[in-house]
Amino acid sequence: MHDVIVVGGGGAALAAAIEARERGARVLLLEKNERLGGSTAWSIGSVTSTGTPHQRRRGIVDSPADHWADMPGFAGDLDARDNAELRRVLCDHIPETFQWLLDSGVRFMGPMPEPPHRQPRMHNVLPNSRSFIYHLERRARRVGVEIRCGVRVDALLRKGERVVGVEAQGPNGRLSFEARRGVVLAAGDFTNSPEFKRRFMGEQESRVEGVNPTATGDGQRLAESLGARIVNGDLALGPEIRFIAPATETFVRRLPPWRWLAGLMGWSLDHLPAALLRPLMMKFLTTALAPSMALFEAGAALVNRRGERFGDELDRAAWRLADQPDKQGYIVLDRALAQRFAVWPNFISTAPGIAYAYIDDYRRNRPDVFTEAPRVAALASRLGMSSEALAQAVAARSLGEGPYVALGPVRPVFVHSEGGLMVDTRHRVLDANDRPIEGLYAAGATGQGGLLLKGHGHHLAWAFVSGRRVGAEVTGQTEA
């Protein structure tokens with residue numbers, strides 16, 4: 001028997017498992033995939049925090065109170081739906097959690113400005129987001145967390161009103177595990193669950209896939225079976241149009257997350273000329289980010305794989321792209337637009353605080369999503385499209401002379417959803433009457449509790465903060 005069972009294998013789950021184990025609990029972590037990572041490994045890797053060594057080195061005076069006060073600026077009209085108490089938990093505890101990440105071996109660049117933050121608070125992980133998983137998995141194994149991958153939890157066990165374990169499907173059949181102190185659900189969001197998206201967002205949204213293909217709302221589904229409720233299920237980042245990922249991983253994504261390498265990268269970013277750093281940053285920036293809507297505002301055409309326009313590019317194009325063949329499309333520019341998006345301020349894509357990518361960056365770094373031809377018919381031929389359909393699309397958007405450029409394929413995606421289980425400030429899962437379900441806890445996106453995490457770096461910050469706090473909380477439970 002274990003003291004604590006953690007369901008999930010991303011940043012929140014690892015933080016919970018480590019914290020519980022370091023407080024003396026016997027911890028079992030169960031992950032349905034064959035390796036750890038979750039949505040943390042799919043992320044850009046930003047963590048927004050005050051009181052960091054990076055801020056202090058730059059002489060930035062900042063505070064959790066200011067962070068808390070600034071966050072509603074990202075939520076806008078949705079601020080009334082935010083959980084202000086959980087926002088306070090996040091802002092008060094991310095400084096110590098950021099230091100905990102540093103102590104675990106994770107390294108960052110920054111901080112970067114991102115209005116309406118009054119101070120630069122966004123820190124980007126080095127060399128890539130896998131660094132979180134690499135270092136936290138090592139720490140978890142070092143302190144004695146038992147980790148089992150390829151095990152899908154599909155039921156919670158109860159004795160009376162208390163959750164006392166889980167049932168799961170493993171490689172060799174059914175498994176059952178007991179937990180004396182509690183079960184922590186940290187299995188991510190439901191961006192790739194058609195059922196949840198249909199219920200909370202709509203039929204059309206259910207057709208749009210998530211960036212993380214295994215983010216299927218497992219934790220939310222388990223808790224709902226016991227009467228828990230999901231809040232803010234209709235809110236998400238997306239659908240938005242993104243470039244398809246490279247068939248092979250980029251150089252930056254393949255970099256090993258060694259501490260000395262991250263330190264060298266951090267030093268280089270602070271000391272080397274921008275002209276030397278930019279080619280490296282572009283290999284990161286042109287992976288699978290969103291093309292700027294300014295392309296369509298300037299007149300670019302969005303066509304499907306047959307070369308057909310399928311509606312107004314500025315009217316929910318990502319939603320409608322989900323109904324097109326293979327759910328993919330192309331962005332078509334004429335010579336004038338290609339020249340316009342070759343220099344500031346007209347960029348193709350950006351990672352805030354890092355850099356901007358222009359047309360020539362995609363020509364060099366993503367030849368798989370860059371097609372150029374002198375005439376419309378030649379462009380259609382190279383892409384396997386109908387030349388008549390593409391010519392009609394070009395004419396409808398009043399595009400001028402060639403050469404023409406097609407950027408794509410692009411696809412519609414949800415990046416993350418805000419629909420998490422309702423929890424209290426102790427991260428206990430609440431039922432429909434706001435009463436704690438004994439022995440059941442949730443962290444990260446699974447236990448978002450109505451907290452709005454707009455702006456970069458807040459989702460990962462919540463994952464690590466809530467994970468650590470729930471790991472401490474569950475070990476303080478008295479045994480049933």
Side-chain angles (χ1 to χ4, degrees), residues 1-31 35-38 40-41 47 49 51-53 89-90 92-108 125 130-149 151 153 163-166 177-188 219 257 259 262 423-429 439-444 446-447 460-480:
M1 179 182 290
H2 298 84
D3 296 314
V4 177
I5 293 174
V6 180
V7 181
L14 282 165
I18 291 167
E19 194 71 26
R21 178 62 188 142
E22 290 183 347
R23 290 171 180 265
R26 184 182 177 194
V27 181
L28 171 65
L29 183 148
L30 301 173
E31 163 60 32
R35 63 179 182 177
L36 303 178
T40 301
V47 174
S49 176
T52 69
V89 167
L90 169 64
D92 285 350
H93 292 274
I94 186 55
E96 66 193 55
T97 297
F98 190 91
Q99 184 59 52
W100 180 84
L101 289 168
L102 294 175
D103 295 341
S104 299
V106 182
R107 294 294 177 263
F108 297 89
V125 71
R130 290 178 183 168
S131 179
F132 294 118
I133 305 304
Y134 173 83
H135 290 291
L136 294 183
E137 180 181 2
R138 284 175 54 131
R139 181 167 179 171
R141 294 187 183 278
R142 187 168 58 247
V143 300
V145 173
E146 182 183 348
I147 298 174
R148 299 184 64 169
C149 293
V151 178
V153 175
V163 174
V164 295
V166 302
F177 303 98
E178 294 184 51
R180 281 190 291 260
R181 297 187 177 180
V183 172
V184 177
L185 301 176
R259 192 180 308 191
V423 297
D424 62 15
T425 56
R426 295 170 60 186
H427 308 281
R428 299 177 298 180
V429 177
L440 189 61
Y441 302 80
T446 307
L460 282 182
W462 177 246
F464 298 125
V465 165
S466 61
R468 291 188 67 219
R469 283 173 51 83
V470 79
E473 180 65 36
V474 68
T475 57
Q477 286 290 106
T478 58
E479 294 185 13

Hey, mind stepping through Glu137 and Arg141 against salt bridge (charged side-chain N to carboxylate O under 4.0 Å, His left out) and telling me if it holds? CA-CA 6 Å; Glu137 180 181 2; Arg141 294 187 183 278; 3.0 Å; yes
Roughly how far, to the nearest 0.5 Å, is the [atom2] atom of [Y] from the [atom1] atom of [X]?
X      : Y      : atom1 : atom2 : answer
Leu29  : His2   : CG    : NE2   : 10.5 Å
Arg138 : Leu14  : CZ    : CG    : 13.5 Å
Leu101 : Thr52  : CG    : OG1   : 11.5 Å
Ser131 : Phe108 : OG    : CZ    : 7.5 Å

Please determine whether salt bridge (charged side-chain N to carboxylate O under 4.0 Å, His left out) holds for the pair Asp3 and Arg180, giving the CA-CA distance in whole Å, both sets of side-chain angles, and the decisive distance to 0.1 Å. CA-CA 5 Å; Asp3 296 314; Arg180 281 190 291 260; 2.9 Å; yes
Between Arg139 and Ile18, is there a donor-acceptor pair closer than 3.5 Å when you use the side chain of the first and the backbone of the second?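 Here the side-chain-to-backbone pair does not exist.
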Would you say the side-chain atoms of Arg469 pair up with the backbone N or O of His427, donor to acceptor, closer than 3.5 Å?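 The answer is no, because no donor-acceptor pair under 3.5 Å joins these two groups.
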Counterpart residues, side-chain hydrogen bond (donor to acceptor under 3.5 Å, both in side chains), relative to Glu31 (two or more places apart):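 Checked Glu31 against side-chain hydrogen bond (donor to acceptor under 3.5 Å, both in side chains); matches are Asn33.
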So Arg148 and Leu28, do their side chains get closer than 4.5 Å, heavy atoms only?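 SC-SC contact between Leu28 and Arg148 confirmed.
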Within the structure provided, determine whether Gln99 and Pro53 are in side-chain contact (heavy-atom separation under 4.5 Å).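 The answer is yes, as the side chains (C-beta and beyond) meet within the 4.5 Å cut-off.
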Greater than 12 external heavy atoms within 6.0 Å of Glu146's CD: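 For Glu146, atom CD is crowded (more than 12 foreign heavy atoms under 6.0 Å).
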Pairs touching residues 8-20 that satisfy side-chain hydrogen bond (donor to acceptor under 3.5 Å, both in side chains), sequence neighbours left out: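 Found Glu19-Arg23, Glu19-Arg468.
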Ring centroid separation Phe464 to Phe98 under 6.0 Å: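 So the answer is no for these two rings.
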Looking only at the aromatic ring of each residue, does the gap between the centers of His135 and Trp100 stay below 6.0 angstrom?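 Between His135 and Trp100, which both carry aromatic rings, the centre distance is not below 6.0 Å.
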For Val47, which of Ile94, Val125, Val465 qualifies under side-chain contact (heavy atoms from CB on, under 4.5 Å)?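 In the set Ile94, Val125, Val465, the residue that makes a side-chain contact (heavy atoms from CB on, under 4.5 Å) with Val47 is Ile94.
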